[in-house]
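Notes for the one structure printed next.
Here, residue 1 is the first one in the sequence, and each next residue gets the next number.
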Amino acid sequence: MFLFVAASNAFAYRPFATEDAGVAGEDVAQVEVSLDRLEWKNGDDDFMFMVVPIYGVTERLEVSAELPYLWHEPDTGDSESGVGDMNLVAKYLLSGEDGTHPALAAKVVIKTASGDYKKGLGTGDEDLSLVLAATKTVEKWRLHGQLGYTFVGDDKDSNLRDIILYGVAADYEVQKDLYLAIEVAGNKHSDRTENTDPLNLLIGVIFNASDKVAVDVSFKEGLNNESPDWGFGVGASITF
């Protein structure tokens with residue numbers, strides 16, 4: 001289950017899963033690197049190393065690729081590792097933030113079938129996600145919200161269904177260059193036989209080490225039985 005969720009949801013700026021309305025800017029190159037661990041209630045462990053190169057095509061349009069490498073260590077049975085399903089992403093700033101209105105952005109995500117389906121490293125199908133994101137600054141708070149829909153490929157598994165994505169997140173400036181991050185995010189369960197939808201709480205910190213480098217540490221807790229028991233992540237965002 002982790003492998004499907006991790007591969008099908010495109011990531012926002014670290015450590016959030018909720019998308020924000022920011023874009024890189026024309027000719028700006030960035031890269032995000034991260035390592036995340038999830039532990040499930042049945043004792044299984046999952047690890048994901050992710051590299052995300054980002055490029056600003058114009059002031060409003062950025063493109064990126066999400067390149068995951070996965071390790072699955074079950075409580076019983078053989079471990080598996082390898083490249084997961086990669087995402088190709090385009091994000092467009094619809095309108096900037098002003099004193100009254102939030103910034104709005106639209107994102108299109110194509111999930112590939114690059115992960116090995118037989119090893120559980122991918123879904124074996126392509127997906128298409130459409131996401132609308134909003135960001136508003138209120139004093140020391142930056143507030144984010146997203147609503148999206150994923151058209152899920154089900155050639156390999158007819159039990160899979162399209163899903164709705166949703167999330168709210170915020171970061172608060174504790175002091176110069178140090179931010180507290182909090183998020184609640186989830187999605188409709190991809191298995192049509194399940195009645196409970198995954199929902200997760202994230203708490204973390206973001207530190208701007210310089211004008212071009214930000215590092216983050218986060219802890220995630222599942223809010224129901226369809227979510228991971230807990231998770232931990234570290235990452236960095238670099239602007240060139």
Side-chain angles (χ1 to χ4, degrees), residues 1-2 4-23 32 34 36 38 48 50 52 54 62 64 66 87 89 91-109 127 129-150 152 162-174 178-190 194 196-208 214 216-235 237:
M1 186 59 207
F2 158 74
F4 175 72
V5 171
S8 62
N9 290 320
F11 289 81
Y13 78 81
R14 291 208 44 91
F16 297 131
T18 299
E19 189 57 67
D20 66 287
V23 292
E32 296 179 354
S34 59
D36 291 272
L38 295 177
M48 179 171 60
M50 176 83 78
V52 184
I54 304 167
E62 72 173 30
S64 61
E66 296 165 348
N87 290 330
V89 184
K91 182 178 174 184
Y92 186 79
L93 178 64
L94 299 172
S95 61
E97 181 179 354
D98 58 30
T100 304
H101 304 97
L104 296 175
K107 184 173 71 170
V108 178
V109 184
D127 299 342
S129 296
L130 305 175
V131 177
L132 180 66
T135 294
K136 185 75 172 76
T137 302
V138 180
E139 297 182 350
K140 292 187 176 184
W141 291 91
R142 285 183 296 181
L143 311 176
H144 314 289
Q146 78 163 23
L147 182 63
Y149 192 89
T150 298
V152 177
D162 296 349
I163 60 174
I164 297 173
L165 314 171
Y166 47 87
V168 291
D171 56 72
Y172 176 77
E173 186 179 11
V174 178
L178 180 65
Y179 299 85
L180 174 67
I182 185 169
E183 173 189 59
V184 177
N187 57 270
K188 185 69 176 177
H189 204 298
S190 59
E194 296 290 343
T196 303
D197 300 328
L199 188 65
N200 298 287
L201 170 69
L202 178 144
I203 297 175
V205 293
I206 306 168
F207 175 66
N208 292 333
D216 64 85
V217 179
S218 61
F219 177 81
K220 181 183 290 186
E221 181 177 2
L223 299 180
N224 56 37
N225 289 332
E226 295 301 327
S227 305
D229 192 20
W230 61 272
F232 179 78
V234 295
S237 303

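- Shown here for Ile206 and Ala214, the closest heavy-atom pair between the two residues is CG2-CB, 4.4 Å.
- Side-chain atoms of Val23 and Tyr92, non-hydrogen and from C-beta on, never get closer than 4.5 Å to each other.
- Summarising the geometry of Pro15 relative to Leu202, their closest heavy-atom pair is O-CD1, 3.5 Å, with the distance given to 0.1 Å.
- Taking the six-membered ring where the residue is Trp, Phe219 and Trp230 present parallel rings, their angle staying beneath 30° rather than reaching 60°.
- Considering all non-hydrogen atoms of both residues, Arg14 and Ser237 come closest at CB-OG, 4.4 Å.
- Separating the OG atom in Ser64 from the CG atom in Asn87 is a distance of 8.5 Å, to the nearest 0.5 Å.
- Considering CD of Glu183 and NZ of Lys220, their distance stands at 7.0 Å, rounded to 0.5 Å.
- Here the shortest heavy-atom pairing between Ile54 and Glu32 reads CD1-OE2, 4.1 Å.
- Here the shortest heavy-atom pairing between Leu93 and Ala103 reads CD1-CB, 4.4 Å.
- The ring-ring contact (aromatic ring centres under 6.0 Å, His included) search around Phe207 returns none, not counting sequence neighbours.
- Salt bridge Glu19/Lys107: present, at least one basic N to carboxylate O contact under 4.0 Å.
- The CG atom of Leu132 lies 7.0 Å from the CG atom of Leu147; values are rounded to the nearest 0.5 Å.
- Between the CG atom in Asp216 and the CG atom in Asn208 there is a gap of 10.5 Å [rounded to 0.5 Å].
- Under 3.5 Å, the side chains of Tyr166 and Asp197 contain no donor-acceptor pair of N or O atoms.
- Thr135 places a side-chain N or O within 3.5 Å of a backbone atom of Ala21 that can act as its donor or acceptor partner.
- Between Thr137 and Glu97 the shortest heavy-atom distance is N-OE2, 2.6 Å.
- Judged by distance alone, the side chain of Gln146 and the main-chain N or O of Val131 form no donor-acceptor pair under 3.5 Å.
- No side-chain donor-acceptor contact under 3.5 Å links Asn187 to the backbone of Ile164.
- Taking the side chain as every heavy atom from C-beta outward, Val184 and Leu199 approach each other to under 4.5 Å.
- Taken to the nearest 0.5 Å, the CG atom of Asp171 stands 4.5 Å off from the NE2 atom of His144.
- For the atom pair OH (Tyr13) and OG1 (Thr18), the distance works out to 10.0 Å, reported to the nearest 0.5 Å.
- In this structure, Lys91 contributes its side chain and Asp20 its backbone to a donor-acceptor pair below 3.5 Å.
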